[in-house]
Protein chains: 2
Amino acid sequence: MNELLHLKSAGLKSTLPRLKVLSLFESGSDRHLSAEDVYRKLLASGDDVGLATVYRVLNQFEQAGLLVKHHFEGDKSVFELNQGDHHDHIVCLQCGRVEEFFDATIEQRQKKAAADRGFELHDHSLYIYANCIKPKCKYRN
Amino acid sequence: MNELLHLKSAGLKSTLPRLKVLSLFESGSDRHLSAEDVYRKLLASGDDVGLATVYRVLNQFEQAGLLVKHHFEGDKSVFELNQGDHHDHIVCLQCGRVEEFFDATIEQRQKKAAADRGFELHDHSLYIYANCIKPKCKYRN
DNA sequence: TTGCTAATGCTAATCATTCTCATTTGCAAT
DNA sequence: ATTGCAAATGAGAATGATTAGCATTAGCAA
């Protein structure tokens, strides 16, 4: 029911593909999904949604503020549910695991860096590429 | 002569296309160039270098540590001369002007953020997207 | 000067993403 | 419930950046 409200308020019709995609993210085990990921997952669960539609819906959701889009290293972009909390990302170069973090000091200094140089910060993207040192990383031990 | 040394030490033959590309960056008015940019500039100066070669050379130079590659918002990537000093970027959303900056505190906190979560920082990319408030911005006044 | 390997320059191929357009579907007004 | 129509979908073609394949050319060491 919540989804419906979201879609409505975004001026989007409540259609099958859109509901499927949205619930994928809301039920999500993986928070960060590419268009291809979404497409595969839907196919796997027997829901036939065209790839073009997935791309369209994802972008509409981003516009509507339901999702946030990220460009990690490499070509394809990934989306995650927008839960209001801004955060940055650490991506493991080995296993691809993504961890989120927020550092008020970094945010602060960014704003200052921009202001000092005569810019008005609009947005930023910070990705840290690293290696897990935890045993969690599937490519270690 | 300096270029020659660079190429040699990178195990790259000193060829015309490579010298052309390298001097483009070293003489550079624009520090940040895409493959397409390089291609156009070379054509403009009467030097005929194939686009594929430009891409190849750019990547080889990156591997060799002569250039650094960046992915600003959007699709195409840009290269800049590697002068040893790491820095991040502020990109004007209006005019595309790129300003470089370095903030020791931000660097520090990033390392800490990674370490705190069991990662060993390998690399990071930080891009600030902003609007010039200086009259410099060609899309203002 | 010769010879061989690496480099170049085309063009065709890839990959992610977007566009086109004919067909279908949500939904508001009968 | 039924109808009508704009909005949404699906399939495949088109795009744009980047890379691969291969025949030709050019550094450079002997």
Side-chain angles (χ1 to χ4, degrees), chain A residues 1 3-24 32-43 45-64 66-79 96, chain B residues 1 3-24 32-43 45-64 66-79 96:
Chain A
M1 325 288 95
E3 296 88 24
L4 269 174
L5 291 180
H6 284 150
L7 292 179
K8 292 245 146 129
S9 66
L12 297 171
K13 261 182 204 176
S14 158
T15 70
L16 242 354
R18 297 214 253 243
L19 291 176
K20 297 277 174 61
V21 170
L22 195 46
S23 63
L24 219 190
H32 305 87
L33 301 172
S34 69
E36 195 67 29
D37 291 338
V38 171
Y39 179 63
R40 284 191 207 297
K41 292 213 173 209
L42 290 181
L43 277 193
S45 55
D47 301 307
D48 264 310
V49 178
L51 181 55
T53 300
V54 170
Y55 273 101
R56 264 185 308 234
V57 168
L58 253 21
N59 286 130
Q60 291 162 342
F61 283 2
E62 194 209 355
Q63 239 96 292
L66 294 176
L67 297 178
V68 182
K69 188 197 278 197
H70 295 290
H71 298 85
F72 296 157
E73 203 149 83
D75 24 25
K76 57 184 63 166
S77 28
V78 301
F79 294 79
Chain B
M1 325 289 95
E3 294 89 25
L4 270 173
L5 291 181
H6 283 150
L7 292 179
K8 291 245 145 131
S9 65
L12 297 172
K13 258 180 204 175
S14 158
T15 70
L16 243 353
R18 297 216 254 243
L19 291 176
K20 297 276 174 60
V21 171
L22 195 46
S23 64
L24 218 192
H32 305 89
L33 301 173
S34 69
E36 194 67 30
D37 290 339
V38 171
Y39 179 64
R40 285 192 206 296
K41 292 213 174 210
L42 290 181
L43 279 193
S45 55
D47 301 307
D48 263 310
V49 178
L51 181 55
T53 300
V54 170
Y55 273 102
R56 264 184 308 235
V57 168
L58 253 21
N59 285 330
Q60 291 161 343
F61 283 2
E62 194 208 355
Q63 239 98 290
L66 294 177
L67 296 179
V68 182
K69 188 197 279 196
H70 295 290
H71 298 86
F72 295 157
E73 203 149 83
D75 23 26
K76 56 184 62 165
S77 27
V78 301
F79 294 79

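Just the heavy atoms: all of them, side chains too, but no hydrogens, waters or symmetry mates, feed the values below. Within every chain, numbering begins at 1; the chains are lettered A, B, ... in the order of the sequence lines, protein sequences first and strands thereafter.
Take Glu73(B) and apply the side-chain hydrogen bond (donor to acceptor under 3.5 Å, both in side chains) test, not counting sequence neighbours, and it matches no residue. Under the side chain to side chain contact (heavy atoms under 4.5 Å, CB included) criterion, Asp37(A) pairs with Leu33(A), Ser34(A), not counting sequence neighbours. Residues that satisfy the side chain to side chain contact (heavy atoms under 4.5 Å, CB included) test with Tyr55(B), not counting sequence neighbours, are Ala35(B), Leu51(B). In this structure Glu62(B) satisfies the salt bridge (charged side-chain N to carboxylate O under 4.0 Å, His left out) test with no other residue, sequence neighbours excluded. Under the rule for a salt bridge (charged side-chain N to carboxylate O under 4.0 Å, His left out), the partners of Asp47(B) that lie at least two apart in sequence or sit in another chain are Lys20(B). Among residues two or more places apart in sequence or in another chain, the side-chain hydrogen bond (donor to acceptor under 3.5 Å, both in side chains) test is passed with His71(A) by none. Listed by chain and number, the residues in a side-chain hydrogen bond (donor to acceptor under 3.5 Å, both in side chains) with Thr15(A) amount to none (sequence neighbours excluded).
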Any N/O pairs under 3.5 Å between the protein and nucleotides 1-5 of chain D? List them or say none.
none

Detail all sub-3.5 Å separations between protein N/O atoms and N/O atoms belonging to nucleotides 9-13 of chain C.
{"from": "dG9(C)", "atom 1": "OP1", "to": "Asp48(B)", "atom 2": "O", "distance (Å)": "3.2"}
{"from": "dG9(C)", "atom 1": "OP2", "to": "Gly50(B)", "atom 2": "N", "distance (Å)": "3.1"}
{"from": "dG9(C)", "atom 1": "OP2", "to": "Thr53(B)", "atom 2": "OG1", "distance (Å)": "3.0"}
{"from": "dG9(C)", "atom 1": "N7", "to": "Arg56(B)", "atom 2": "NH2", "distance (Å)": "2.5"}
{"from": "dG9(C)", "atom 1": "O6", "to": "Arg56(B)", "atom 2": "NH1", "distance (Å)": "3.2"}

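As judged by a 4.0 angstrom heavy-atom cut-off over every strand, Ser77(A) is placed among residues touching the sugar-phosphate backbone only.
Comparing Tyr55(B) and Leu16(B) against DNA chain D, the residue whose closest nucleotide sits nearer the 5' end is Tyr55(B). Looking at which nucleotide of DNA chain D each of Ala35(B) and Lys13(B) is closest to, the 5′-most match is held by Ala35(B).
Counting only heavy atoms from C-beta on, Thr15(A) has its side chain closest to dA8(D) among dA8(D), dT19(D), dT18(D).
Note that CG of Leu66(B) is 7.0 Å distant from OG of Ser9(B), once rounded to the nearest 0.5 Å. To the nearest 0.5 Å, the span separating CZ on Phe79(B) from NE2 on His32(B) amounts to 12.5 Å. We find the CG-NE2 distance between Leu12(A) and His6(A) to be 12.0 Å, quoted to the nearest 0.5 Å.
For the side chain to side chain contact (heavy atoms under 4.5 Å, CB included) with Leu67(A), the qualifying choice from Leu58(A), Val78(A), Asn59(A), Val57(A) is Leu58(A), the only one to do so.
Thr53(A) and Pro17(A) make their closest contact through CG2-CB, 3.9 Å (heavy atoms, listed as atom of the first residue, atom of the second, distance). When all heavy atoms are compared, the tightest approach of Arg18(B) to Gln60(B) is NH1-OE1, 2.8 Å.
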Residue pair Val21(A), Tyr39(A): steps toward the side-chain contact (heavy atoms from CB on, under 4.5 Å) verdict: CA-CA 9 Å; Val21(A) 170; Tyr39(A) 179 63; over 6 Å; no
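At whole-Å resolution of the value, CG in Leu33(A) and P in dA16(C) are 16 Å apart. If you measure from atom CG of Leu58(B) to atom P of dA7(C), you get 16 Å, rounded to the nearest angstrom. Atom CG of Leu43(A) is separated from atom C1' of dA11(D) by 14 Å (rounded to the nearest Å). Between the NZ atom of Lys8(B) and the P atom of dA6(C) there is a distance of 16 Å, given to the nearest Å. In this structure, Gln60(A) atom CD and dA7(D) atom C1' are separated by 10 Å, rounded to whole Å. Rounded to whole Å, the distance from NZ on Lys20(B) to P on dA7(C) is 17 Å. For the pair Leu7(B) CG and dA6(C) P, the interatomic distance rounds to 17 Å; values are reported in whole Å. Here the P atom of nucleotide dT17(C) and the OH atom of Tyr39(A) are 14 Å apart, to the nearest Å.
Shown for residues 66-76 of chain B: no residue has heavy atoms falling under 4.0 angstrom of DNA chain C.
Summary for the helix from dT1(C)-dA30(D) to dT30(C)-dA1(D): the axes at its two ends, each from 5 pairs, differ by 30° when rounded to the nearest 10 degrees.
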